[in-house]
Amino acid sequence: MDILDLLSCGIQIVVLAYLTGHSAMRAMRGRGKWLFQLLCGAFGCYLLCDMFWILHILSVGHWPDGISVADFCILGLYSFFIAACLACMNDWTEPERQQARRFRLWALVAPVVVVLFHIAYLNLYVIGYENALVDWLSNILFCGFMSVFGYYALLLLLTTAAAAQPKAERNGKQAGVLRHRRFYGSMLLFLLCELVLFLVSSFGWNIAYFVASILEMPALFFVWRAAEGEVAAA
């Protein structure tokens, strides 16, 4: 049993419990309930993942082998983030939707990076592993969900960045656009942290894995804080 595993899970559980609780309270009042309901589901899935991991470590003494309940909880996290991105597009005007169509090919950069990363990860870690087939299947699932999540987050970020107006013309709108960009940018930051976490886990670097897992928490906190700006700008 690695004390760093328990410590990282413990810290994540405290932070995620805070984010889940505050998102739940925010979802019951004021504007933007739908967004905080989705974020509550996302943070809650990650919280369940860590709770399963820490219970598994305490009872068995090591991480779960192959695919587990924790993996499906993380897929739930991605699903809620994808839903949040799609829901943010509902109030767009037709010119904004046309603007988004211009960036569809550029937004494919995110899925391409994710796919290339997972190919490298499979070659570094999974080949020769005793549960190789299970890990291949789980990585296909992760790669698919992460690619869709990255595509929509980058598409929305590029669209809102291009929609920025000069302050002299539309000062209020400019502030709103900047808030939108922080929200989608913070989602991409979390996705980057996830890729780094996958990378260090393939090498078995316990200290690096601990640091990478802790760095995900500020990224999720930025998502939650940026959501406030997203609602205020709506």
Side-chain angles (χ1 to χ4, degrees), residues 1-23 39 42-78 80-81 110 113-126 129 131 135 138-139 141-143 145-147 149-150 153-154 157 182-227:
M1 183 186 301
D2 195 328
I3 189 64
L4 288 179
D5 296 337
L6 293 175
L7 184 59
S8 64
C9 283
I11 294 174
Q12 287 183 343
I13 285 174
V14 172
V15 175
L16 290 167
Y18 173 86
L19 292 176
T20 304
H22 275 261
S23 297
L39 290 182
F43 298 143
C45 284
Y46 204 161
L47 177 61
L48 290 174
C49 169
D50 276 333
M51 291 175 67
F52 173 81
W53 269 52
I54 200 168
L55 289 174
H56 193 281
I57 292 172
L58 290 173
S59 59
V60 182
H62 57 78
W63 292 356
D65 292 325
I67 196 167
S68 66
V69 174
D71 296 312
F72 288 100
C73 290
I74 295 298
L75 294 180
L77 164 71
Y78 297 146
F80 277 110
F81 275 162
V113 169
V114 170
V115 170
L116 291 176
F117 171 84
H118 276 275
I119 291 174
Y121 173 77
L122 287 168
N123 281 279
L124 282 171
Y125 176 65
V126 176
Y129 184 58
N131 291 323
D135 259 11
S138 66
N139 272 274
L141 284 174
F142 272 90
C143 183
F145 277 77
M146 293 172 80
S147 296
F149 171 39
L154 183 56
L157 179 63
R182 283 198 296 269
F183 181 63
Y184 307 131
S186 61
M187 284 190 164
L188 286 173
L189 176 62
F190 170 72
L191 180 60
L192 177 62
C193 291
E194 280 282 273
L195 293 178
V196 171
L197 192 66
F198 268 80
L199 180 63
V200 297
S201 68
S202 66
F203 291 101
W205 298 337
N206 289 342
I207 296 179
Y209 184 88
F210 171 78
V211 173
S213 63
I214 297 303
L215 287 178
E216 281 194 340
M217 296 301 101
L220 288 177
F221 185 78
F222 292 153
V223 171
W224 181 75
R225 288 294 297 169

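Counting begins at 1 with the first residue of the sequence.
Panel note: side chain Ser59, backbone His56; a donor-acceptor pair is recorded below 3.5 Å. Panel note: side chain Asp71, backbone Ser68; a donor-acceptor pair is recorded below 3.5 Å. Under the 3.5 Å distance criterion, the side-chain polar atoms of Thr20 are left unmatched by any main-chain donor or acceptor of Ala17.
In this structure Phe72 satisfies the ring-ring contact (aromatic ring centres under 6.0 Å, His included) test with no other residue, sequence neighbours excluded. Annotation: ring-ring contact (aromatic ring centres under 6.0 Å, His included) contacts of Phe81 (sequence neighbours excluded): Phe149, Phe190. Under the rule for a ring-ring contact (aromatic ring centres under 6.0 Å, His included), Phe43 has no partner lying at least two apart in sequence or in another chain.
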Q: Begin with the C-alpha distance, continue with both residues' side-chain angles, and end with the deciding distance and a verdict on side chain to side chain contact (heavy atoms under 4.5 Å, CB included) for Leu189 and Phe222.
A: CA-CA 9 Å; Leu189 176 62; Phe222 292 153; 3.8 Å; yes
Q: Mind running side chain to side chain contact (heavy atoms under 4.5 Å, CB included) on Leu58 and Leu6 for me, showing each step along the way?
A: CA-CA 8 Å; Leu58 290 173; Leu6 293 175; 3.9 Å; yes
Q | Intermediate values then yes/no, side chain to side chain contact (heavy atoms under 4.5 Å, CB included), Phe117 and Met146 | A | CA-CA 11 Å; Phe117 171 84; Met146 293 172 80; 6.0 Å; no
Q) Could you walk me through whether Leu220 and Val15 pass the side chain to side chain contact (heavy atoms under 4.5 Å, CB included) check? A) CA-CA 9 Å; Leu220 288 177; Val15 175; over 6 Å; no
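For the atom pair CG of Leu195 and CG of Leu192, the computed distance is 6.5 Å after rounding to the nearest 0.5 Å. Separation of atoms OG (Ser8) and CG (Asp50) is listed at 7.5 Å; rounding is to 0.5 Å. Atom CG in Leu75 sits 10.0 Å away from atom SG in Cys49 (nearest 0.5 Å). The structure places CZ of Phe210 at 9.5 Å from CG of Leu215, a figure rounded to the nearest 0.5 Å. Put simply, SG on Cys45 and CZ on Phe80 are 5.0 Å apart, with the number rounded to the nearest 0.5 Å.
When all heavy atoms of Val196 and Ala212 are compared, the closest pair comes out as CG1-CB, 4.2 Å. The nearest pair of heavy atoms linking Ile74 to Phe142 is CG2-CE2, 3.5 Å. Here the shortest heavy-atom pairing between Leu197 and Ser213 reads CD1-N, 3.5 Å. Looking at every heavy atom in both residues, Leu157 comes nearest to Gly185 through CD1-N, 4.0 Å. Residue Val223 comes nearest to Met187 through the heavy atom pair CG2-N, 3.9 Å, listed as atom of the first residue, atom of the second, then distance. Residues Leu77 and Ala42 come closest through the heavy atom pair CD1-O, 3.3 Å.
Between Phe221 and Leu19 there is a side-chain heavy-atom pair separated by less than 4.5 Å. In this structure, Ile11 and Ile214 have side chains that are in contact, with non-hydrogen atoms separated by less than 4.5 Å. Within the 4.5 Å cutoff, the side chain of Gln12 has heavy atoms near those of the Glu216 side chain. Inter-residue side-chain proximity for Cys73 and Tyr46 is flagged as unmet; no heavy-atom pair is nearer than 4.5 Å.
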